[in-house]
*Asks:* 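Shown below is the structure under consideration.
Owing to the predicted nature of the structure, the values given are computational and were not obtained by experimental measurement. Below, chains carry the letters A, B, ... as their sequence lines are ordered, and counting in each starts from 1.
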Protein chains: 2
Amino acid sequence: MRFHSPAIQYFHAVRRTGSIRAAARVLNVASSAVSRQIIKLEQEVGSPLFERSARGLTLTTVGEMLARHVMNVLQDLDRFRSDVASLSGAWHGTVSIACIESLTESVLPDLIASHRGRARRVSFTTEVKGSSDVLEALSRGEADIGIAMALRHPPDLRQVALKRFRLGAVVAHDHPLARRKTVTLPQCLAFPVIHALPELSIYHLLQPLIAQLSETPEPAIQANSIDLMRELAARGVGVAFQTQLGIGRLSRDSRLVFLPLDNAGSPVWSDLGIYVRAERTLPAYTESFLQELVRELGERERRESAAYPQVA
Amino acid sequence: MRFHSPAIQYFHAVRRTGSIRAAARVLNVASSAVSRQIIKLEQEVGSPLFERSARGLTLTTVGEMLARHVMNVLQDLDRFRSDVASLSGAWHGTVSIACIESLTESVLPDLIASHRGRARRVSFTTEVKGSSDVLEALSRGEADIGIAMALRHPPDLRQVALKRFRLGAVVAHDHPLARRKTVTLPQCLAFPVIHALPELSIYHLLQPLIAQLSETPEPAIQANSIDLMRELAARGVGVAFQTQLGIGRLSRDSRLVFLPLDNAGSPVWSDLGIYVRAERTLPAYTESFLQELVRELGERERRESAAYPQVA
DNA sequence: ACATGTTGATGCCGTTTCGGCAACAGCTAT
DNA sequence: ATAGCTGTTGCCGAAACGGCATCAACATGT
């Protein structure tokens, strides 16, 4: 199905690769063909679309506008294709997900496994990044669904849902704190602590609270991997901080205990946002998975708030 | 700017005109060229897009899917163009409005006049239709903004705003009812009444209420023009029913009096919805007018509810 | 029933567009 | 300076496109 003029597709490839020759390789055409189509586009728009440097091409302002249009066109073409395909019973396609690490332990694998149990011909691509990189990948059209900390999101993204989970301390089952129902930050800081590095959003949630305390913290470990922090906590190295989302299996094995943080009587929330590009209609199979994702996270949010009724 | 393949444009023209030869005339090309592009499209999609009859072409299911995609593409191309144009200071374009008659007396002319006072290079196309025709024109991409009675709208439209106005009786200044603050339906039916025909939504608002009454109505006039009904009321022919939106000037001239309807102690609402196609980003100049329209209707809603505080 | 005017589709042919090859100039890093 | 990359350009064959004339199928009017 080659609906749209080659110029559109070539432009898209050049934008992604940042180079005409690289785009030509991806497209399996001669670089001269790509170069000419770009020049033709620029003549029709009446303004240059890229700034040429010796290293490659960068979008101009007008180029970014066209990129937005082209992305809308190609993503909607995908949706159209899937609509036509599903008309003849073929329900297939690839769902591309960009998400933060907290989801990789149980939420995402559970969901993908169960979804593929029902829809075998739907493939998945998942990429784990930091929150801001998730949003960026979404904006650039490199992912269909994004899950990230709910900070301010650019206007070209739409927040489909917002789920809040309690930030808590994670300790080994034989840790002195393990028998408590909740913990306060000072209680945790009396023990060795596994801190998140600034690239993790947990850092930005806890830092302001820690800064208010005047105590001298115990010697601490710092890490940028939720996975690593969790495993360190399981080995009794110290107290880690994260949401309950990331400790599903280890919590079931009774090796780890999750203790909701109590900050002067009120919970510490970690807000998780689900995002999609605003100017876009998702293919049916993607929309279907998105609904399940929202439902599942909503379910976990509900279960958590039932397990740990709000203190304040 | 001929970005997109001729097939897309030809398909769009054929869909609108319902005929290959008519589309060819509009496009200033030979009909054979159009015919071939359609056939090529059908081969690429792998399914016929039109059903050929001797009279012309009708979209198939797949055709309608493609029509949706093509509409998204072409409308987004328009937006892109206006974005590029506004970058070089040129703020121009055409805002296409489909609305029901209630707006034509004062809301729309006021708004368009004041908007053009500020943005001279923005043109307007307005088409007055019945509520369901307004929504249909919007779905077909024949208008940018639709204003209609807020009944159930198809999922491809988005309700930008919902404003409620009181339905009321409209009488000449020397009518026996004119000195009242509000009126009930039985009070009105004691006088000659100017009824709306079923094609107007006022009919569907009032009919259920009238049906509940057991009284024998006075001989009545029926009409399908808000304008005509209003002018008849101004001449003392009888009691008309409509919202306050349609009697701005005549009310200021003190020739007409608006009396909110009181139905068993509660107002009778007429819900006005503002709609746009959901799968679309509006050009900046259209979005700008849309905001003003929403603001203005909100303002009128506010002023009305202040003038006639709710009875219930 | 017949003629006439539509409709969309097709074969033929000139024009335009597109893409591949090779060569070029400009820049960077070794 | 050399080697390796970038994007661009001239040349030429191939593919796509559009116009004209024509066709069969159907609707309409007499």
*Asks:* For Val34(B) and Arg21(B), find the nucleotide of DNA chain D closest to each by heavy atoms; which residue's nucleotide sits nearer the 5' end?
*Replies:* Val34(B)

*Asks:* Is the shortest side-chain N/O distance from Lys40(A) to OP1 or OP2 of dC18(C) below 4.0 Å?
*Replies:* yes

*Asks:* Counting side-chain heavy atoms from CB outward, which of dG19(C), dT10(C), dG7(D) is closest to Ser35(B)?
*Replies:* dT10(C)

*Asks:* Send over the distance from Leu57(B) CG to dA25(D) P, rounded to a whole Å.
*Replies:* 18 Å

*Asks:* Check the distance between dG19(C)'s C1' and Ile20(A)'s CD1 and give it to me in whole angstrom.
*Replies:* 15 Å

*Asks:* Any chance CZ of Arg2(A) has more than 12 other-residue heavy atoms, nucleotides or ligands included, within less than 6.0 Å?
*Replies:* no

*Asks:* Please tell me whether Asp156(B) and Ser139(B) have a donor and an acceptor in their side chains that are separated by less than 3.5 angstrom.
*Replies:* yes

*Asks:* Can you tell me how far P of dT17(C) sits from CG of Leu41(A), to the nearest Å?
*Replies:* 14 Å

*Asks:* So, does the side chain of Arg36(B) form a donor-acceptor pair with the base of dG19(D) at under 3.5 Å?
*Replies:* yes

*Asks:* Whole angstrom is fine here: how far is it from CD in Gln9(A) over to P in dC18(C)?
*Replies:* 13 Å

*Asks:* Measure from CD on Glu51(B) to C1' on dT7(C) and round the result to the nearest Å.
*Replies:* 16 Å

*Asks:* Where does the angle between the aromatic ring planes of Phe80(B) and His69(A) fall among parallel (under 30°), tilted (30 to 60°) and perpendicular (over 60°)?
*Replies:* parallel

*Asks:* Relative to the ring of Phe11(A), is the ring of Phe50(A) parallel (under 30°), tilted (30 to 60°) or perpendicular (over 60°)?
*Replies:* tilted

*Asks:* Taking for each residue the nucleotide of DNA chain C bearing the nearest heavy atom, is the 5' side occupied by Ser53(B) or by Arg55(A)?
*Replies:* Ser53(B)

*Asks:* Starting at CD of Gln43(B) and ending at P of dC17(D), how long is that distance when rounded to a whole Å?
*Replies:* 12 Å

*Asks:* Would you tell me if any nitrogen or oxygen in the side chain of Gln37(B) comes within less than 4.0 Å of OP1 or OP2 on dG18(D)?
*Replies:* yes

*Asks:* Nearest to the side chain of Ile39(A), which nucleotide is it out of dT10(C), dT7(C), dT8(D)?
*Replies:* dT8(D)

*Asks:* With respect to the side chain of Ala54(B), which nucleotide from dG19(D), dG7(D), dC26(D) is positioned closest?
*Replies:* dC26(D)

*Asks:* Give, for atom OH of Tyr285(A) and atom OG of Ser82(A), the distance between the pair rounded to the nearest 0.5 Å.
*Replies:* 5.5 Å

*Asks:* Quick check on DNA chain C: between Ser31(A) and Arg25(B), whose nearest nucleotide comes earlier from the 5' end?
*Replies:* Arg25(B)

*Asks:* By nearest nucleotide on DNA chain D, pick out whichever of Ile38(A) and Ser32(B) is the more 5' one.
*Replies:* Ile38(A)

*Asks:* Taking OP1 and OP2 of dG19(C), is either one under 4.0 Å from a side-chain nitrogen or oxygen of Tyr10(A)?
*Replies:* yes

*Asks:* Rounded to whole angstrom units, what separation is found between the CG atom of Asn28(B) and the C1' atom of dC17(D)?
*Replies:* 16 Å

